[in-house]
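Okay, structure first, notes after.
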Amino acid sequence: MVHFVGAGSGAVDLITVRGARLLAQADVVVWAGSLVNPELLSYCKTFCEIHDSSKLTLEEVLEIIKKAEAVGKTTVRLHTGDSSIYGAVREQFDALDELGIAYDVCPGVSSFCGAAASLKAEYTLPAVSQTVIITRAAGKTPVPEKESIASLASHRATMVLFLSTSLTEKLQRELIEGGYDEATPVAVVYKATWADERILRCTVGTLHETVKNSGITKTALIIVGGCMGEEYMRSLLYDPNFSTEFRDKKQV
Ligand code: SAH
């Protein structure tokens, strides 16, 4: 059996209770050493066999899993954040299906949620944006043309950019081309929920300069949109003049 486990965004106690239990039971752990907090390995049992996937190919990961399966061992494949976001898990699922190896998935706290907590932010503010776009700038990995930054920017929704910290010059240009005002607020969160987390605040117009001057080149999220600013409407859900399924409006 293979358990795909989301490690959470960084802080060692942000893994789920289920994820920690699976780690503690695993005979073999293949972990994404480039991004997962190594302290999480302290949950593993003493004789657990540990492999760092940042040094491995897909084929090598599968080989480790196959060997473990052959002797009835349980493997945890530990991914950063939640494995559904840029996790390269689908190719592993399909290969395991072909090999007839059973697996399941344990969700994790994605870094975009960890970053919102660090920022004390709400991505879906009434009258500001009710949509969160999760995307990345095109780098070595291409992005389909229909999802160009400029076309997504035309919605002026909340945008969370993964894997884009080294591409801010082009990113800034395309965000503006697409429709964000230069004054649109931006937050850059480096290593959200880790001990050495850093938060930068700027605007779309000053994004490239801010990131360049900070020296941050990776492990950061760029969050763009009015939700990083000061203006919004309060919710109807908790408005005394508004009835919901669970509460009548207050008579005033
Ligand atoms: N599955 C992960 C994302 C993996 S892609 C998740 O759900 O978070 C790797 C990218 O995620 C990094 O380049 C960076 O953009 C972002 N990232 C991962 N952990 C982060 C963290 N703690 N703080 C900020 N960004 C992070």
Side-chain angles (χ1 to χ4, degrees), residues 1-117 132-136 139-144 147 160-163 191-194 218-219 221:
M1 183 73 188
V2 182
H3 303 286
F4 288 82
V5 174
S9 51
V12 75
D13 55 351
L14 274 181
I15 192 168
T16 62
V17 174
R18 183 190 298 178
R21 179 174 52 76
L22 291 169
L23 259 188
Q25 290 168 351
D27 304 304
V28 177
V29 170
V30 184
W31 71 301
S34 53
L35 278 165
V36 170
N37 190 337
E39 284 176 41
L40 278 164
L41 300 178
S42 65
Y43 290 113
C44 299
K45 55 189 180 191
T46 321
F47 297 109
C48 180
E49 181 188 317
I50 293 171
H51 300 269
D52 177 357
S53 64
S54 64
K55 300 180 172 64
L56 303 173
T57 63
L58 170 62
E59 287 70 17
E60 289 166 335
V61 169
L62 292 170
E63 217 35 59
I64 292 166
I65 293 173
K66 270 200 275 184
K67 267 195 199 146
E69 284 297 307
V71 290
K73 288 183 174 172
T74 299
T75 303
V76 161
R77 178 71 174 99
L78 190 62
H79 282 270
T80 179
D82 183 81
S83 64
S84 68
I85 308 283
Y86 306 113
V89 278
R90 175 63 189 269
E91 62 199 31
Q92 299 176 72
F93 299 162
D94 288 349
L96 293 181
D97 283 338
E98 238 170 66
L99 292 164
I101 296 175
Y103 59 90
D104 62 13
V105 182
C106 172
V109 176
S110 178
S111 57
F112 82 94
C113 298
V132 184
I133 297 175
I134 289 175
T135 190
R136 63 179 298 172
K140 266 190 236 157
T141 303
V143 172
E147 295 161 26
V160 181
L161 290 132
F162 284 71
L163 299 155
K191 292 185 84 175
T193 77
W194 288 71
K218 60 178 189 175
T219 328
L221 292 173

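It should be emphasised that the depicted structure is a prediction, and the values quoted were computed from it without experimental measurement.
Remark: the backbone N or O of G19 is paired with a side-chain donor or acceptor of T16 at under 3.5 angstrom. Proximity of a side-chain donor or acceptor of W31 to a complementary backbone N or O of N37 within less than 3.5 Å is not detected. Using modelled atom types, one side-chain atom of T193 and one backbone atom of A11 make a donor-acceptor pair closer than 3.5 Å. Without hydrogens or angle criteria, S53 side chain to L56 main chain gives no donor-acceptor distance under 3.5 Å.
With a 4.5 Å cut-off on side-chain heavy atoms, E91 and D94 do not count as touching. At least one side-chain heavy atom of L14 sits less than 4.5 Å from a side-chain heavy atom of S9. Considering only heavy atoms from C-beta on, D27 comes within 4.5 Å of K45 through its side chain. Counting heavy atoms from C-beta outward, E60 and H51 have side chains that stay 4.5 Å or more apart. In this structure the side chain of V105 reaches within 4.5 angstrom of the side chain of F93, judged on heavy atoms.
The two atoms that bring V89 and S83 nearest to each other are CG2-O, 3.3 Å, heavy atoms only. Of all non-hydrogen atoms in S110 and I85, the two that sit nearest each other are OG-CG1, 4.2 Å. For the residue pair R77 and A32, the shortest heavy atom distance occurs at NH1-N, 4.2 Å. Between D82 and P107, the closest heavy-atom pair is OD1-CA, 3.3 Å. Residues A26 and V76 share a closest heavy-atom pair of CB-CG2, 3.7 Å. Across all non-hydrogen atoms, the minimal contact from V12 to Y43 is O-OH, 3.3 Å.
Here the NE2 atom belonging to H79 is positioned 4.0 Å from the CD atom belonging to Q92, to the nearest 0.5 angstrom. Summarising the geometry, atom NZ belonging to K55 is positioned 8.5 Å from atom OG belonging to S34; distances are rounded to the nearest 0.5 Å. Y103 OH to D97 CG: the interatomic distance, rounded to the nearest 0.5 Å, is 3.5 Å. Note: F4 CZ to T75 OG1 = 9.5 Å, rounded to the nearest 0.5 Å. With rounding to the nearest 0.5 Å, the separation of CG in L161 from CD1 in I133 is 9.5 Å. The CG atom of L78 sits 11.0 Å away from atom CG of L35, with the distance rounded to the nearest 0.5 Å.
Salt bridge annotation for E69-K66: absent, with no cationic side-chain nitrogen under 4.0 angstrom from a carboxylate oxygen.
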Apply the test side-chain contact (heavy atoms from CB on, under 4.5 Å) to residues K67 and V28: give CA-CA distance (whole Å), side-chain angles for both, the deciding distance (0.1 Å), then the verdict.
CA-CA 10 Å; K67 267 195 199 146; V28 177; over 6 Å; no

Checking side-chain contact (heavy atoms from CB on, under 4.5 Å) for the pair D104/M1: CA distance, chi angles, key distance, verdict?
CA-CA 8 Å; D104 62 13; M1 183 73 188; 3.5 Å; yes

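Few gaps surround CD on E147; more than 12 heavy atoms of other groups in view lie less than 6.0 Å from it.
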